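The structure displayed is predicted, hence computed values, not measured ones. Just so we're on the same page: letters track the sequence lines, and every chain starts at 1.
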There are 2 protein chains.
Amino acid sequence: MQKKRIPSVSIDSVVFGFEEDQLKVLLVKRNIDKESNLWALPGGDICYHEDIDHAAERILEERTGVKVYMKQFGTFGKVDRVPDERYITIAYYALVKPDVYKLSLKKDDCDVKWVNVYDLPNLLYDHDTIILYALDSLRRRIRSEPVGFNLLPHHFPLLALQRLYEVILDTRFDKPNFRSKILKMKILIKLDEKQQGVAYRSAHLFKFDKQRYDALIEKGFNFEL
Amino acid sequence: MQKKRIPSVSIDSVVFGFEEDQLKVLLVKRNIDKESNLWALPGGDICYHEDIDHAAERILEERTGVKVYMKQFGTFGKVDRVPDERYITIAYYALVKPDVYKLSLKKDDCDVKWVNVYDLPNLLYDHDTIILYALDSLRRRIRSEPVGFNLLPHHFPLLALQRLYEVILDTRFDKPNFRSKILKMKILIKLDEKQQGVAYRSAHLFKFDKQRYDALIEKGFNFEL
DNA sequence: TCAAAAGTGTTTGTTATACACCCATGT
DNA sequence: ACATGGGTGTATAACAAACACTTTTGA
């Protein structure tokens, strides 16, 4: 049974993943869009009796089977963005951890792939514009809020965090400086655990301390990178 | 003749103005909403053959007769935000200069007033939430982009700029430090003109130099306050 | 002459930046 | 031994914060 949908409005999601020091985006090819055969963002419609945030999570969960960090960042409504139809789309970006990364092929009625955000193929409609806008939004947010951890495993070495910020912000950081800056914030917990199977000195693993962070925010602390 | 509208979707605008060292928001009382009699944000529907950004400008222009700086900042779509109906609204904030401020009563089929953003009355639907969200968005943007000038006259004294930032960011700045910081950016032009009719030493007036700013941006300059 | 804001300069402490350097590990 | 990243320390420059002070103007 198909539930009633809101007409003329859709949701599209830019799903970001971090793998091999690259920022990647999840693309799909729906069997429905046979004509175009272009890669597209995962998306869907909104039910009449569901909040839009819930719709965004549902659509992504139907495809990947998991719940992830999601953020609405813009709504796109140029008249000609979808040929021969009037469609407004509300866009979200999602940040997924590497363990989720692999689960992205749940349903087999569609093709799925991850691509480097800096090397996109031709995309359906205005989906390239939407991705660039998502990247811009993510860049703004990641510098003032600790959302980057949503792209890393729960336990990670400091250099992974640095590489993540470097690839998203498209810049380089000095290792000692980055290290001391992030550690001075006191929002990371150093674990006993260490890296395994690396061909060099293994690094300590850290995890993000959300409780500590929330407490610091109360006191007026400001995350800034 | 009424043009065809997109169903279930509306646009609402948070119009910010700066007057008497206060950040104010434009509220209206539409005759249509007789039942509720609550103050509300100015808003309207989207035509089938018009971009949403255009719709936002049109709706505001119909009411105030002017074009202003507008920025889309979020879309609100909780199921119960409008009783007995399903309505998603795309929200914009607008920044208007004081000369426009007075023109806000163009049409007389509605009541209009400016209220302090920090002292809001009871509002229609979720319009209070939308305003708070708009303020948050404005705060983020005004610290990293020179959009604040859209709330000031073309020619303004430095202290007006400082007061503007203080009231929006809800903080205080040290006058000499604020002054030197903004002047070091080299994005203001000092005019020969001076303040008039003040009961104290008149200040030099400045204007924002958009050309200079764009050129600096090219070179990697970053506005930050 | 006083109040109110304009406008300039200095001092101090904190951060950012750029390095140099040693450590641990697998090949 | 050496390549690779882990991890620490330091010297310098740049900047932020606090504040003292003089100037101008109308009432």
Side-chain angles (χ1 to χ4, degrees), chain A residues 18-22 142-144 152-153 155-167 169-207 216 219-225, chain B residues 18-22 142-144 152-153 155-167 169-207 216 219-225:
Chain A
F18 181 62
E19 190 196 43
E20 291 167 359
D21 287 359
Q22 293 189 327
I142 209 172
R143 298 206 317 174
S144 60
L152 294 175
H155 298 174
F156 55 87
L158 283 187
L159 198 62
L161 185 64
Q162 182 182 333
R163 295 282 177 255
L164 174 67
Y165 272 86
E166 287 177 340
V167 76
L169 299 177
D170 193 24
T171 134
R172 302 290 296 181
F173 290 103
D174 177 85
K175 185 173 47 155
N177 294 340
F178 184 90
R179 194 186 169 78
S180 70
K181 187 165 184 177
I182 195 86
L183 287 178
K184 242 190 304 182
M185 291 184 190
K186 303 278 184 196
I187 58 172
L188 294 184
I189 297 175
K190 189 176 187 174
L191 304 166
D192 290 333
E193 210 175 335
K194 286 196 165 196
Q195 261 182 323
Q196 301 211 334
V198 285
Y200 44 81
R201 177 177 177 179
S202 65
H204 268 102
L205 298 184
F206 292 80
K207 72 170 185 181
L216 286 171
K219 293 185 204 162
F221 167 76
N222 216 335
F223 183 88
E224 201 68 50
L225 262 178
Chain B
F18 181 62
E19 189 195 43
E20 290 167 1
D21 286 0
Q22 291 189 328
I142 209 172
R143 297 206 320 171
S144 58
L152 295 175
H155 299 174
F156 54 87
L158 283 187
L159 197 63
L161 185 64
Q162 182 181 335
R163 294 284 177 252
L164 174 67
Y165 272 86
E166 286 177 339
V167 76
L169 299 176
D170 194 23
T171 153
R172 301 291 295 183
F173 290 102
D174 177 85
K175 184 173 49 153
N177 294 340
F178 183 89
R179 192 184 170 79
S180 68
K181 187 166 183 176
I182 195 86
L183 287 179
K184 241 190 304 182
M185 290 184 191
K186 303 280 186 193
I187 57 172
L188 294 184
I189 296 175
K190 189 176 186 174
L191 303 165
D192 290 334
E193 212 176 333
K194 285 197 165 196
Q195 262 183 322
Q196 302 211 332
V198 286
Y200 45 81
R201 177 177 177 179
S202 66
H204 269 103
L205 298 184
F206 291 80
K207 72 170 185 179
L216 286 171
K219 293 186 204 162
F221 168 76
N222 216 334
F223 183 89
E224 199 70 51
L225 261 176

Expressed in angstrom and rounded to an integer, what is the separation of [X] atom [atom1] from [N] atom [atom2]?
X      : N      : atom1 : atom2 : result
A/L158 : D/dG7  : CG    : C1'   : 10 Å
B/L225 : D/dA17 : CG    : P     : 11 Å
B/M185 : D/dC15 : CE    : C1'   : 13 Å
B/Q162 : D/dA17 : CD    : P     : 13 Å
B/F178 : D/dC15 : CZ    : C1'   : 17 Å
B/L183 : C/dA6  : CG    : C1'   : 12 Å
A/R163 : D/dG6  : CZ    : C1'   : 12 Å
B/I182 : C/dG7  : CD1   : C1'   : 16 Å

*Which pairs pass salt bridge (charged side-chain N to carboxylate O under 4.0 Å, His left out) with one or both residues in residues 179-196 of chain A, sequence neighbours excluded?*
none

How many angstroms lie between atom [atom1] of [X] and atom [atom2] of [Y], to the nearest 0.5 angstrom?
X      : Y      : atom1 : atom2 : answer
B/L188 : B/K207 : CG    : NZ    : 11.5 Å
A/I142 : A/L225 : CD1   : CG    : 8.5 Å
B/L205 : B/L158 : CG    : CG    : 9.5 Å

*For the pair A/Q195 (side chain) and A/A203 (backbone), establish whether a donor and an acceptor sit closer than 3.5 Å, ignoring hydrogens and angles.*
yes

*Does C/dG7 have OP1 or OP2 sitting under 4.0 Å from an N or O in the side chain of B/H204?*
yes

*How does protein contact run along nucleotides 19-27 of chain C, one letter per nucleotide 5' to 3', with B for base contact, S for sugar-phosphate only, - for none, heavy atoms under 4.0 Å?*
BB--BBBS-

_I need the minimum non-hydrogen distance between B/Q22 and B/V167, along with the two atoms involved._
CA-CG2, 4.3 Å

*At under 4.0 Å between heavy atoms, what does B/L159 touch on the DNA or RNA strands: base, sugar-phosphate, or nothing?*
sugar-phosphate

